[in-house]
Amino acid sequence: MQWNTVRPIAAIAGYAALCCLAISPDCASATELLKARLAQNLGPISGLAIVAKSKGIFEKHGLDITVSNFTSGKQCLDTVVGGGADIATTAEAPVTASTMANQPIAFVAGMEYSDLKTVVAAKAGVKTKADLRGKRIAFTAGTGSEVYTATLLKSAGLTPKDVTLVNLRPQEMLPALAAGSIDAIDTWEPHIANAKKALGEAAAELDTKGTYSETFNIVVMRPYLDANPAVVEKFIAALIDAEVWMKEHPDEAITVVADAVGMKRDELAPIWADYVYRVRLDDRLIEILKTHSAWRLESGNHPPGAAMPDFSKVVVTEPLKKVAPERVTLSWK
């Protein structure tokens, strides 16, 4: 009699637990969360991941994400390649470098794109792109900043020999510009806005709109994806939910991201529209990857024997297709 009573109770409890998990990931207990380590560029370009972490969206999707912050996507991807993290937020430059070095990476989604920009010292007398001739320009090697700089010079009819290129990390650029050791900086936000605010009339932004858009993406190692497909799918789903939340709560989103990256809200708000947040895999991403690869081949910035990568073997569509198939619009698929 006792056995007959326990069995239906246990069955009902088990069924309730299954229903709870099926209906809402909120029901999952902390012990059931899947753990993963995220190497994140701590800037507005990582806005979706920042919001997903800050607003508990990762947890709602059954994930326990530990975040390590870096100042460039290159550092993030290097950390993942080296085994120090599982998931990287990174731009196209580290992706093409790793691909040409035959690293087994998997590009699983784009999540943001924005233009790179140039700030010049007012005393340098740079009014147009052509005025960069003979100037000292700071860039960050191995990142989109390097390709942007090459593209900018080419669009101005200049070559690297016509200027002095100085390799600096983004956070080193403002002090160098303020000290007068360089004349211009080529980088991404919020470093551009920070430089303009700090230097005031002593600096100006050069009109380079449309010269080069940097993408920011989610990349993992292929063996990790093969072993943890559920983690990657849940991670992408959380980013999509973060994207939706940001569009529905733009004012709060600015505050959340500004607080996370150490910016004042009134500094981020004016440039917020520069960040285009959307989780997707589309032809624009592939064209940017190809453009970057072509630059590597033309400039010699690649391993010996490297050729144009076959990105259909690098970009993995399955995780995003399972979560939101309408966001995969690649022409080859």
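Start at 1 with the first residue, then count along the sequence.
- The side chain to side chain contact (heavy atoms under 4.5 Å, CB included) test with Val126 is passed by exactly one of Thr118, Asp131, Ile137: Asp131.
- Glu92 and Thr215 share a donor-acceptor pair across their side chains, judged by distance under 3.5 Å alone.
- Screening residues 104-159 for ring pair (Phe, Tyr, Trp, His ring centres under 6.0 Å), with sequence neighbours left out, gives no hits.
- The CD atom of Glu172 lies 11.0 Å from the OG1 atom of Thr187; values are rounded to the nearest 0.5 Å.
- Atom CD of Glu326 has more than 12 heavy atoms from other residues, nucleotides or ligands within 6.0 Å.
- Between Val256 and Ile254 the shortest side-chain heavy-atom distance does not fall below 4.5 Å.
- Counted within 6.0 Å of NZ on Lys247, heavy atoms from surrounding residues, nucleotides or ligands total more than 12; the atom is thus considered enclosed.
- Partners of Ala238 under the side-chain contact (heavy atoms from CB on, under 4.5 Å) rule, at least two apart in sequence or in another chain, are Ile57, Phe58, His61.
- At least one side-chain heavy atom of Leu132 sits under 4.5 Å from a side-chain heavy atom of Leu158.
- With 3.5 Å as the limit, one finds no donor-acceptor pair spanning the side chains of Thr66 and Arg37.
- Using a 4.5 Å cut-off on side-chain heavy atoms (C-beta onward), Ile240 and Leu320 make contact.
- The closest side-chain heavy-atom distance from Leu48 to Met246 is below 4.5 Å.
- Considering all non-hydrogen atoms of both residues, Val323 and Glu233 come closest at CG2-O, 3.4 Å.
- Side-chain N/O atoms of Lys129 and Thr208 include no donor and acceptor closer than 3.5 Å.
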- Task: Evaluate side chain to side chain contact (heavy atoms under 4.5 Å, CB included) for Met100 paired with Ser293, printing each intermediate quantity in order.
- Result: CA-CA 8 Å; Met100 288 184 166; Ser293 298; 3.8 Å; yes
- Message: Set out, in order, the CA-CA distance, both residues' side-chain angles and the distance that settles side chain to side chain contact (heavy atoms under 4.5 Å, CB included) for Asn194 and Glu267, then state yes or no.
- Response: CA-CA 8 Å; Asn194 291 343; Glu267 293 174 354; 4.0 Å; yes
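- The ring pair (Phe, Tyr, Trp, His ring centres under 6.0 Å) analysis of residues 278-303, with sequence neighbours excluded, yields the pairs His292-Trp295.
- With respect to Asp251 and Arg265, a salt bridge is recorded, a charged nitrogen being found less than 4.0 Å from a carboxylate O.
- Considering Asp186, Asp207, Asp274 as possible partners of Lys117, the one that fulfils the salt bridge (Lys or Arg N to Asp or Glu O under 4.0 Å) test is Asp274.
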- Derivation and outcome, side chain to side chain contact (heavy atoms under 4.5 Å, CB included), residues Val279 and Arg327: CA-CA 7 Å; Val279 179; Arg327 290 173 178 258; 3.8 Å; yes
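- Taking 4.0 Å as the cut-off between side-chain N and carboxylate O, Lys196 and Glu201 do not count as a salt-bridged pair.
- Atoms CG and CD1, from Leu168 and Ile182 in turn, are 5.5 Å apart once rounded to the nearest 0.5 Å.
- Within the 4.5 Å cutoff, the side chain of Val219 has no heavy atoms near those of the Val80 side chain.
- The shortest non-hydrogen separation linking Thr96 to Arg296 is OG1-NE, 2.8 Å.
- You'll find the side chain of Thr159 stays beyond 4.5 Å of the side chain of Leu153, heavy atoms only.
- A distance of 5.5 Å separates CZ in Arg278 from CD in Glu243, rounded to the nearest 0.5 Å.
- Residues Val119 and Leu152 do not share a hydrophobic cluster, defined by chaining ILVMFWY side chains whose heavy atoms lie under 4.5 Å apart.
- The main-chain N or O of Ala269 is never found under 3.5 Å from a side-chain atom of Asp266 such that the two would form a donor-acceptor pair.
- Shown here for Ser72 and Asn41, the closest heavy-atom pair between the two residues is CA-ND2, 3.3 Å.
- Minimum interatomic distance between Ala198 and Leu174 (heavy atoms only, all atoms of both residues): CB-CD2, 3.8 Å.
- For the pair Met221/Val81, a side-chain contact is recorded, criterion being any heavy-atom separation below 4.5 Å from C-beta on.
- Closest approach of Leu297 to Ala306, counting heavy atoms only: CD2-O, 3.6 Å.
- Linking ILVMFWY side-chain heavy atoms closer than 4.5 Å, directly or via other members, places Met173 and Leu165 in two distinct hydrophobic clusters.
- A search for side-chain contact (heavy atoms from CB on, under 4.5 Å) contacts involving Thr71 returns Gln75, Gln171, not counting sequence neighbours.
- Partners of Val261 under the side-chain contact (heavy atoms from CB on, under 4.5 Å) rule, at least two apart in sequence or in another chain, are Leu42, Pro44, Ile50, Val257, Met263.
- With hydrophobic clusters built from ILVMFWY side chains whose heavy atoms lie under 4.5 angstrom apart, Leu77 shares a cluster with Val232.
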- Message: Before you tell me yes or no, could you show the steps for Trp188 and Tyr212 under ring-ring contact (aromatic ring centres under 6.0 Å, His included), namely the whole-Å CA-CA distance, both residues' side-chain angles and the distance that decides it to 0.1 Å?
- Response: CA-CA 11 Å; Trp188 51 83; Tyr212 186 83; over 10 Å; no
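- Minimum heavy-atom separation, Ala141 to Lys74: O-CD, 4.1 Å.
- A donor-acceptor contact under 3.5 angstrom links the side chains of Ser213 and Asp115, judged on distance only.
- The shortest distance between side-chain heavy atoms of Leu281 and Val315 falls below 4.5 Å.
- Counting only residues at least two apart or on different chains, no side chain to side chain donor-acceptor pair (under 3.5 Å) pair has a member in residues 98-110.
- The residue from Arg133, Lys135, Arg136 that alone fulfils the salt bridge (Lys or Arg N to Asp or Glu O under 4.0 Å) condition with Asp162 is Arg133.
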